[in-house]
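Only this structure's heavy atoms are used, side chains among them; waters, hydrogens and symmetry mates stay out. Quick note on labels: first sequence line is chain A, next is B, and so on, each numbered from 1.
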Protein chains: 2
Amino acid sequence: MSVSIRDVARVAGVSVATVSRALGNGPVSDALRAQVEAAVKATGYHPNLSARRLRSQRSGTIGLVVADIRNPFFTAVAHAAEDAAYRAGLRLILCNTEEDPAREAIYLGLMQEERVSGLLFAPTRLTQKELPRQRFAYPVVLIDRTGPNSAHDSVTLDNHAAMGALIDHLVEQGYRRIGGLFGKTSNTGVERRNGYLAGMLAHGLTPDYREVAPSAVAAHAEATQWLARGDRPEALVTSNSLLMTGAMKAAREAGLRIPEQLALAGFDNESWTELVEPGITVIEQPVEEIGRTAMNLLLERLQNPALPVRKLVLGGRCIVRGSTQARASMAGVA
Amino acid sequence: MSVSIRDVARVAGVSVATVSRALGNGPVSDALRAQVEAAVKATGYHPNLSARRLRSQRSGTIGLVVADIRNPFFTAVAHAAEDAAYRAGLRLILCNTEEDPAREAIYLGLMQEERVSGLLFAPTRLTQKELPRQRFAYPVVLIDRTGPNSAHDSVTLDNHAAMGALIDHLVEQGYRRIGGLFGKTSNTGVERRNGYLAGMLAHGLTPDYREVAPSAVAAHAEATQWLARGDRPEALVTSNSLLMTGAMKAAREAGLRIPEQLALAGFDNESWTELVEPGITVIEQPVEEIGRTAMNLLLERLQNPALPVRKLVLGGRCIVRGSTQARASMAGVA
DNA sequence: CTGAAAGCGCTTACAG
DNA sequence: CTGAAAGCGCTTACAG
């Protein structure tokens, strides 16, 4: 069927062991190495990775299990992580859990079956709570989502502070009735909600929030209903860009002028948040750095398993745009 | 180290062969099957996929090699393909070529080393031209990008017709000076450009187009320069959503009112194209169907290698929004 | 530096 | 239905 290392050895007139060494930078004389390389070219040989992995007991593979690759945050993180893996000579296996704990369990098992060297994981809230009771055959670095009692390395945003900054900004702009729309399947959503609650409390304001599935569709449905009420908020913060898409669509359909009738602020500096009018005020996450750093933490852990648990918390950057500046511009005019 | 099938056999008091059969739906008595299942649970056994693949000579894996996972089109296609693979009990390996032929060659080799059962591939123009001269150890289904002399199954959009529809629409709205911004690394960009040229010719109009790398950054740079010229177009079509993002940003920065001073139309019905004001007129691609259908073509090909080459061409749907309706609304008012 | 041989963890004819 | 044995394609001590 497929050409194997034996075929190469025969063509090169050397032993299988020598071919293996020549391919793996082992100690081989220049003469034999040249013969092997010629034979590889002549036969079109490609090593069988399954055999190599089985024999060497090294998969050279990292798993990346995220909630939803269609969320641009995860797309960007995955891209950065793959780049880092590629540079380190490792392969990356990407899996989508769709925020479903059952699928998470399946994929975690699959990672074990693939004998991955390590795992980057953005768990749902349910699974994350179970993490301390789970045993993993490989080191795990949590991305975007962790918890206080987690014993795993992690790279997350300072969600509490970031949401606090958004609330402070809105209050400074004169908004008081600030509503929140949060994803309910991740601890990130919870942390951002807590930051919202703390911020509202600090300013002596009454919280008013909803928790939904982290999708544009769910946010759209919830916001449509909410914005139709007499007591609708004058400003709305969301915990990710998918929710913002849904909320903004609902606002448009309700005929609400932004920011005069409804201010909007959220997370992730997607291109479109700058293109809509007014632009959306967002917390920009260092997405590339999150992916790259997570991979680095994992590689270091693989090098040295005795390392203490490291939880890296990165700061977001608040980008103020027109969607939160109704009052300020009015104040400026007055 | 890790628990193997031998450990399970020992615990269950049966042979290794029986464990293997019990796990693989082979003929095993109910009694022994129960013993095996108990032993699997007791030991926490997970089969080693490398060993299984090596021995069975079946990888149970499909490769998906795309240009850029950050392009929402590919994100959506990948999502649909993974879903279809998952349903068929297959794994999906996802790779990003970054539109780089060198990386494509590397990943094609990697697919061979992984002994994938088949490949879904969106090649660059360069690589696509070489396809007829290449030998593959696995069946290949081209996604989004193919060519007239391709001997591979494919699922693509009717790019020529879709772009034609866009031009017809613009002309109907009264636009004459219609510029085009096309990605130059893919045959899809070429086909859309050809559709543009044919459309302009059919209406007796003079084409004016630029070809750029398929990224928002490249489009932004090109459009910024273009739109500053005295002979800038009154309407601009782009060949994908990344280019649209860059073009629209440039238009905004140039202070051009859309659609009065510049009409815009392009591809891919991303959420944000509806949220900007005015909304962007786009060709919606059946992204889910493209991914799902490509996987189905591949599965059928695996079942029956003798099947004739099948090139599936899907139609796009033109969604008209405000970005192309300056003249019409004026006409309507007049 | 080089080769013969063992063995990674499975599956699958082959007997019974 | 069940087990003993061969072997998938590699890598890696072990000798020399």
Set out, line by line, the N/O atom pairs under 3.5 Å between protein and nucleotides 11-14 of chain D.
from: D:dT11; atom 1: OP1; to: A:Arg52; atom 2: NE; distance (Å): 2.7
from: D:dT11; atom 1: OP1; to: A:Arg52; atom 2: NH2; distance (Å): 3.4
from: D:dT11; atom 1: OP2; to: A:Ser20; atom 2: OG; distance (Å): 2.4
from: D:dT11; atom 1: O2; to: A:Arg55; atom 2: NE; distance (Å): 3.4
from: D:dT11; atom 1: O2; to: A:Arg55; atom 2: NH1; distance (Å): 2.3
from: D:dT12; atom 1: OP1; to: A:Arg58; atom 2: NH2; distance (Å): 2.8
from: D:dT12; atom 1: O4'; to: A:Arg55; atom 2: NH2; distance (Å): 3.1
from: D:dA13; atom 1: N6; to: A:Arg21; atom 2: NH2; distance (Å): 2.9

- Query: Taking CZ from A:Arg33 and C1' from C:dT2, how many angstroms apart are they, rounded to a whole number?
  - Reply: 13 Å
- Give the minimum heavy-atom separation between A:Cys95 and A:Tyr107, together with the two atoms involved. SG-CD2, 3.5 Å
- Message: Rounding to an integer number of Å, can you tell me how far B:Leu54 CG sits from D:dC10 C1'?
- Response: 8 Å
- If you look at every strand shown and take non-hydrogen atoms under 4.0 Å, does B:Leu32 touch a base, only sugar-phosphate, or nothing? sugar-phosphate
- Task: Could you tell me whether the phosphate oxygens of D:dT2, OP1 or OP2, come under 4.0 Å of any side-chain nitrogen or oxygen in B:Ser29?
- Result: yes
- Message: Side chain of B:Gln57, heavy atoms from C-beta onward: which of C:dG9, D:dC8, D:dA4 has the nearest atom to it?
- Response: D:dC8
- Stacked cation flag A:Arg103 on B:Tyr86, 6.0 angstrom / 45 deg: yes
- Item | side chain to side chain donor-acceptor pair (under 3.5 Å) contacts in which one or both residues fall within residues 12-24 of chain A, not counting sequence neighbours | A:Ser15-A:Thr18
- Task: Only counting residues at least two apart or in another chain, list the ones meeting side-chain contact (heavy atoms from CB on, under 4.5 Å) with B:Ala80.
- Result: B:Glu288
- Query: Just to confirm, is there a sub-4.0 Å distance from OP1 or OP2 of D:dG3 to any side-chain nitrogen or oxygen of B:Thr18?
  - Reply: yes
- Item | Interatomic spacing from CZ in A:Arg145 to OG in A:Ser150 - rounded to 0.5 Å | 14.0 Å
- Applying side chain to side chain donor-acceptor pair (under 3.5 Å), which residue pairs with at least one partner in residues 34-43 of chain A are found, sequence neighbours left out? none
- Query: Closer than 4.0 Å, any side-chain N/O of A:Ser4 to the OP1 or OP2 of D:dG9?
  - Reply: no
- Rounded to whole Å, the CZ-P distance (B:Arg53 to D:dC10) equals 16 Å
- Give DNA chain D the dot-bracket treatment, 5' to 3': Watson-Crick (N1-N3 with N6-O4 or O6-N4) or G-U (N1-O2, O6-N3) under 3.5 Å, [ ] crossing, | other strand. |||.||||||||.|||
- Message: If you compare all heavy atoms of A:Leu120 against all heavy atoms of A:Ile62, which two are closest, and at what distance to 0.1 Å?
- Response: CG-CG2, 4.3 Å
- Which heavy atom in B:Arg310 sits nearest to a heavy atom in B:Arg301, and how many Å separate them? NH2-N, 4.1 Å
- Query: Does B:Glu104 have any salt bridge (charged side-chain N to carboxylate O under 4.0 Å, His left out) partners at least two apart in sequence or in another chain, and if so, which?
  - Reply: none
